[in-house]
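In what follows, a structure is listed as structure tokens, so that the remarks can point back to it.
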Amino acid sequence: MGAKDTVIKLHNTKTRKKEVFEPIDASNVRMYVCGPTVYDRAHLGNARPVVVFDVLYRLLREVYGADQVTYARNFTDVDDKINARAAESGRPIGDITAETTQWFLDDMGELGALQPNHMPRATEYIPQMVAMIGGLIAKGHAYAAEGHVLFAVDSWKAQYGKLSGRSVDDMIAGARVEVAPYKKNPMDFVLWKPSTNEQPGWDSPWGRGRPGWHIECSAMSYELLGETFDIHGGGNDLMFPHHENEIAQSCCAHPEGEFAQYWLHNEMLQVEGKKMSKSLGNFFTVRDLLDQGYPGEVIRLVFLQTHYRKPMDWTAGKAEQAERTLRKWYSQAEQALDNGEVHPGIIGALADDLNTAGAIAELHQLSLADDVVALRASMQFLGMMGKEIPAWAGKPDIDLSSFEEKLFETRQKAMESKDFSEADRLKAAYVEAGLEVRMSKTGVELVPGAGFDPAKLEAL
């Protein structure tokens with residue numbers, strides 16, 4: 001069965017079960033994923049949905065064709081966190097968001113993530129947001145109060161909460177919601193809010209102001225993908241209230257559509273078994289790890305070893321093992337050309353609700369079988385290498401000839417004395433350093449393998 005015949009199954013948060021994925025239009029498969037708020041470097045947790053949905057994007061392109069898939073991921077570039085960063089630094093907001101947006105793209109590129117087809121910035125879609133808010137007011141789903149516009153949850157009460165499995169009454173009873181005198185219902189959420197002279201603002205029928213967070217994705221997904229599209233993704237921390245509010249806004253603004261057909265949510269990330277936090281000293285940005293010498297491909301492989309719906313634990317031990325594995329695979333893939341086919345087992349694993357761990361197991365089998373052509377093509381498909389072997393995994397820039405001569409001379413002396421203890425010690429030390437030792441009557445050849453560590457040779 002070829003990739004085009006693949007049946008994809010995805011766990012749909014909306015129905016709480018794994019379903020066969022059937023696109024609305026197989027010639028125009030559409031996916032929207034919530035992107036970052038750009039005020040600082042992306043931390044490791046921010047990177048997980050990027051990698052998860054990059055794998056899904058690659059799978060959809062393989063099955064339906066690269067030109068038949070549209071992937072949109074937004075940038076939130078108007079937000080109170082950005083305003084605060086500008087106030088404390090004295091830098092213009094536009095400079096901060098331009099810089100941090102490029103940081104994000106550079107860092108995610110290091111992790112092998114393809115850029116989406118559309119990367120809309122919230123500030124580019126303010127008129128569309130204003131129009132959508134106006135439409136919600138006209139339909140009786142929103143109201144203006146004291147310079148704000150709020151979504152009236154009671155107008156959507158029967159449906160609100162279904163994605164996250166909550167009822168409005170239960171949410172009100174236990175919610176930590178913003179209490180404001182202008183709210184008709186404590187669950188009502190902001191679509192538009194007034195701006196001071198120091199804050200970013202745009203003219204609107206309700207006065208100068210800026211959009212609430214939730215309306216951004218509703219307006220941008222509608223403009224780019226239409227009133228009904230296939231897949232909406234993000235971290236499970238966004239399920240409520242963000243995604244719940246998106247559904248309410250979008251379905252009320254465009255009742256002729258159904259918004260997203262399949263909802264996918266990835267689980268959160270831990271570091272060494274604990275929640276990542278600055279107070280615990282285990283908070284890492286992607287750039288931190290890259291600067292510490294962890295290659296992007298290593299970070300990606302660690303991510304892919306855990307299913308997206310399970311909590312993922314980043315550990316130094318996993319990263320070290322991943323690097324050893326990749327070095328071995330790259331040394332094999334180097335023997336193949338860029339004309340292979342992705343192994344069907346890889347496609348089959350990913351088609352089963354993005355079973356990335358199963359796909360990695362298939363790579364191990366290809367390595368064991370020394371199927372270098374399929375291994376190379378499959379690694380490229382999974383985003384763990386481009387057209388070339390990564391520079392960091394290439395043969396080390398170290399002259400091994402003196403070590404080869406030393407072992408050869410030691411072995412020659414041992415042949416005469418019949419005492420092989422020193423030759424055996426040297427050989428064992430070379431193997432421990434990650435070298436493959438090839439000995440013949442005419443000489444010794446040392447070949448760097450997976451996990452080669454030149455530092456271990458310095459003590460010999």
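Side chains of D188 and Y182: a donor-acceptor N/O pair is absent below 3.5 angstrom, by distance only. A donor-acceptor contact under 3.5 angstrom links the side chains of D106 and Q102, judged on distance only. A donor-acceptor pair shorter than 3.5 Å cannot be found between the side chains of H343 and S378.
Atoms CD and CD1, from E323 and I299 in turn, are 11.0 Å apart once rounded to the nearest 0.5 Å. Taking NE2 of H232 as the start and NZ of K14 as the end, the distance is 11.5 Å to the nearest 0.5 Å. One distance of note links CG of N74 with OG1 of T37; it measures 8.0 Å at 0.5 Å rounding. Rounding to the nearest 0.5 Å places CH2 of W314 at 13.0 Å from CZ of R48.
Relative ring orientation between H242 and H214 is described as tilted, the plane-to-plane angle lying within the 30° to 60° band. Classification of the H141-F151 ring pair by plane angle, with boundaries at 30° and 60°, yields parallel. Between F104 and F75, the angle of the ring planes goes over 60°, which puts this pair in the perpendicular group of the 30/60° scheme.
At most 12 non-hydrogen atoms from other residues, nucleotides or ligands lie less than 6.0 angstrom from NZ of K9. The number of heavy-atom neighbours closer than 6.0 Å to OH of Y39, taken from other residues, nucleotides and ligands shown, is 12 or below. Crowding of E99 atom CD: a count of heavy atoms from other residues, nucleotides or ligands under 6.0 Å exceeding 12.
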Can you check side-chain hydrogen bond (donor to acceptor under 3.5 Å, both in side chains) on Y160 and D154, steps first, answer last?
CA-CA 9 Å; Y160 191 79; D154 278 342; over 6 Å; no
Steps toward side-chain hydrogen bond (donor to acceptor under 3.5 Å, both in side chains) verdict (D54, Y71)
CA-CA 9 Å; D54 178 69; Y71 174 21; over 6 Å; no
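With sequence neighbours left out, the side chain to side chain donor-acceptor pair (under 3.5 Å) criterion links W192 to S204. Annotation: side chain to side chain contact (heavy atoms under 4.5 Å, CB included) contacts of F381 (sequence neighbours excluded): R58, E62, V342, I346, I347, L350.
Each of F259, Y222, Y262 was evaluated against F229; a single residue qualifies, F259, per the ring-ring contact (aromatic ring centres under 6.0 Å, His included) test.
The minimum heavy-atom distance between D77 and A122, with the atom names listed, is OD1-N, 3.2 Å.
Within the structure, the salt bridge (Lys or Arg N to Asp or Glu O under 4.0 Å) test picks out the following pairs touching residues 371-393 (sequence neighbours left out): D338-R376.
The existence of a salt bridge linking D353 and R309 is confirmed by a sub-4.0 Å separation between a basic side-chain nitrogen and an acidic carboxylate oxygen.
Figure legend: R30 and Y32 shown without cation-pi pairing, the cationic atom not lying both under 6.0 angstrom from the six-membered ring centre and within 45 degrees of its axis. For R166 and F240, the positive end sits near the middle of the six-membered ring, less than 6.0 Å away and at most 45° from its axis.
Formation of a donor-acceptor pair under 3.5 Å by the K184 side chain with backbone atoms of L150 is not found in this model.
Here the two rings, on Y330 and W392, have centers that are under 6.0 Å apart.
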